[in-house]
Amino acid sequence: MLQVQTLRDERDRVLTGLEKRNIPDAAAKIDEITGLDDRRKELQARNDALLAERNQLSREIGDLFKSGKKEEAGTLRDRVNTIKEESATTETALAEVLVELDDRLVQLPNVPHELVPAGATPEDNEVYREYAGELPTLSDDAKPHWELAEEYGIFSLELGVRTTGSGFPVFTGQGARLQRALVNLFLDRNTAAGYTEYAPPLLVNEDTARATGQLPDKEGQMYHVQTDDLYLIPTAEVPLTNLYRGDLLEPDQLPVRLTGYTPCFRREAGSYGSHVRGLNRVHQFDKVEIVQVTTPEESYAKLDEMVAHVGGLLDELRLPYRILRLCGGDMGFTSAMTFDFEVWSAAQKRWLEVSSVSNFETFQSNRLKLRYRTERGTQLVHTLNGSALALPRIIAALLENNQSQEGILLPEVLHPYVGTDRLQRIN
RNA sequence: GGAGGAUUGGCGGAGUGGUUGAACGUGCCUGAUUCGAAAUCAGGUGUACCCUCACGGGUACCGGGGGUUCGAAUCCCUCAUCCUCCGCCA
């Protein structure tokens with residue numbers, strides 16, 4: 001959530017930014033918000049004055065009682081009662097304005113960073129780093145991962161349908177082992193890079209979902225457990241970032257670096273078709289996440305650092321990838337700058353997104369009320385996160401790119417984790 | 001799931017209706033003392049919003065929400081969390 005103060009102080013920057021996101025009537029929306037905020041201030045000032053008067057009179061009543069002047073006290077009491085009525089009216093009005101203000105504010109997405117390209121669709125994304133080598137090519141009989149999955153017994157979507165429904169893969173045998181190996185590899189690399197490992201809850205309450213911006217924007221994307229009013233996490237970002245909700249950090253506590261492995265649950269309503277076959281898009285998948293909490297001065301350096309770290313993971317896996325800087329229209333609601341990592345799938349002949357690394361600046365910390373202490377007072381921190389990495393498409397790419405007569409040849413880094421240098425056909 | 005107890009400032013811990021944003025201790029900061037330090041002494045030390053160029057002032061916050069009252073950390077209701085005991089259980 002943006003701060004009203006930002007809308008006032010940096011109106012032009014906000015407008016230029018929102019334009020990149022193709023937000024209609026941004027200026028009018030901002031004016032409406034600042035107008036509501038003016039009204040809020042006015043009502044609050046009025047109410048504070050009323051309460052000040054009430055407090056003063058109450059003190060006097062106390063003194064009068066002590067000195068036994070009951071009648072005078074009675075007169076004052078009547079006056080206080082009048083003030084209370086007025087105050088009640090003002091408070092009701094204030095509460096209404098606050099709700100309205102919040103409603104408007106949560107509908108505004110984050111302001112894209114200056115370097116974020118304008119644009120509406122993925123075609124407008126900037127290729128930030130092209131793959132340096134030659135993209136691998138496979139023979140024409142190369143198979144997509146969903147066919148390899150059957151041949152090698154990696155996972156089964158049919159079994160998932162039996163237990164749950166479509167889009168819930170069941171990993172089996174060496175597939176399950178491969179998945180676990182990747183989780184371990186990623187966690188090891190992340191903790192070695194200074195991220196502290198957490199295993200957070202997979203269900204979160206509404207406040208948590210709101211603070212990182214999943215609500216109200218992505219209401220329909222999350223599974224909601226209505227009986228207990230809890231949401232299944234769509235990413236570990238949600239519980240991990242919320243670990244610090246409401247905190248006031250000392251400068252020496254920054255940067256905070258967290259990592260966590262969790263399953264992620266996404267309803268993905270309405271996405272069907274050939275491009276979502278196999279593991280390309282599923283309702284439940286595993287992901288290892290990294291999160292940083294840092295100062296505004298350092299946050300973009302940390303973003304670079306995270307991008308480099310994720311790139312390192314893909315290098316180790318020997319997967320060809322490119323990095324995109326997302327355009328305003330393709331970027332998530334809460335992000336100020338996002339880099340997507342796409343791995344080349346040689347069999348599908350297309351790029352698959354495997355990681356998204358973003359700087360949210362103060363958009364989340366404002367909601368989280370997560371600040372740190374500076375010489376000049378308290379200030380909102382910047383929060384960042386990224387996938388390091390999301391598993392399904394990594395598995396898809398590993399299967400497809402490394403298929404051979406001799407089996408699926410695993411990159412060296414995985415050998416100790418999987419306990420073998422290749423996966424064997426079972427069918 | 002049942003019964004009882006608890007929830008106060010960075011920490012510990014007072015406070016059961018009237019200058020209590022909150023005693024006292026401790027921690028931290030500044031100053032004095034010291035060659036320096038320790039000890040000691042003096043002063044300061046929460047957050048948010050609003051007004052003010054500033055000095056300064058106002059309001060709110062003692063787990064969350066609501067209520068009673070002229071006035072609530074203090075009384076009432078409700079929710080949450082923690083602890084103890086019982087039950088159940090991976």
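Every chain is numbered from 1 and lettered A, B, ... according to where its sequence line falls, protein lines coming before strand lines. On a predicted model such as this, the values are computed, not experimentally measured, just so you know.
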With sugar-phosphate meaning primed atoms plus P, OP1 and OP2, does [X] contact a base, only sugar-phosphate, or nothing at under 4.0 Å between heavy atoms?
X	value
Asp63(A)	nothing
Ile61(A)	base
Asn47(A)	nothing
Arg371(A)	sugar-phosphate
Arg373(A)	sugar-phosphate

ask   = Sequence neighbours excluded, which residues qualify as ring-ring contact (aromatic ring centres under 6.0 Å, His included) partners of Tyr223(A)?
value =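 Not a single residue meets the ring-ring contact (aromatic ring centres under 6.0 Å, His included) criterion with Tyr223(A).
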
key: side-chain hydrogen bond (donor to acceptor under 3.5 Å, both in side chains) pairs, two or more places apart, involving residues 202-211 of chain A   =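 Output for this query lists Asn205(A)-Thr208(A), Glu206(A)-Arg210(A), Thr208(A)-Arg245(A).
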
message = If you compare every side-chain N and O of Arg59(A) against the phosphate oxygens of rU20(B) (OP1, OP2), does one of them come in below 4.0 Å?
response =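 Looking at the OP1 and OP2 atoms of rU20(B), neither is under 4.0 Å from any side-chain N or O of Arg59(A).
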
query = Where does the angle between the aromatic ring planes of Phe363(A) and Phe333(A) fall among parallel (under 30°), tilted (30 to 60°) and perpendicular (over 60°)?
reply =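 Rings of Phe363(A) and Phe333(A): perpendicular, over 60°.
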
Residue pairs, two or more places apart or on separate chains, that pass ring pair (Phe, Tyr, Trp, His ring centres under 6.0 Å) and touch residues 92-117 of chain A =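 Every pair satisfying ring pair (Phe, Tyr, Trp, His ring centres under 6.0 Å) with a residue in residues 92-117 of chain A: His113(A)-Tyr300(A).
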
message = For rA60(B), give the paired nucleotide (Watson-Crick: N1-N3 plus N6-O4 or O6-N4; G-U: N1-O2 and O6-N3; both under 3.5 Å), or none.
response =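 In the structure as shown, rA60(B) has rU47(B) as its Watson-Crick or wobble partner.
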
When you compare the protein's N or O atoms with those of nucleotides 62-65 of chain B, which come within less than 3.5 Å of each other, and at what distance?
none

request  = Measure from the side-chain heavy atoms of Gln44(A) and tell me the nearest of rA60(B), rC49(B), rG18(B).
outcome  =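 Nearest to the side-chain atoms of Gln44(A), counting from C-beta on, is rC49(B).
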
task = Give me the residues of residues 84-100 of chain A where at least one heavy atom lies under 4.0 Å from an atom of RNA chain B, by number, or none.
result =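 Close to the strand are Lys84(A).
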
key: Within residues 31-41 of chain A: residues closer than 4.0 Å to RNA chain B (heavy atoms)   =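 Correct list: Arg40(A), Lys41(A).
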
query = Is a donor on one side and an acceptor on the other found under 3.5 Å between the side chain of His283(A) and the backbone of Arg267(A)?
reply =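 Yes: the side chain of His283(A) pairs with the backbone of Arg267(A).
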
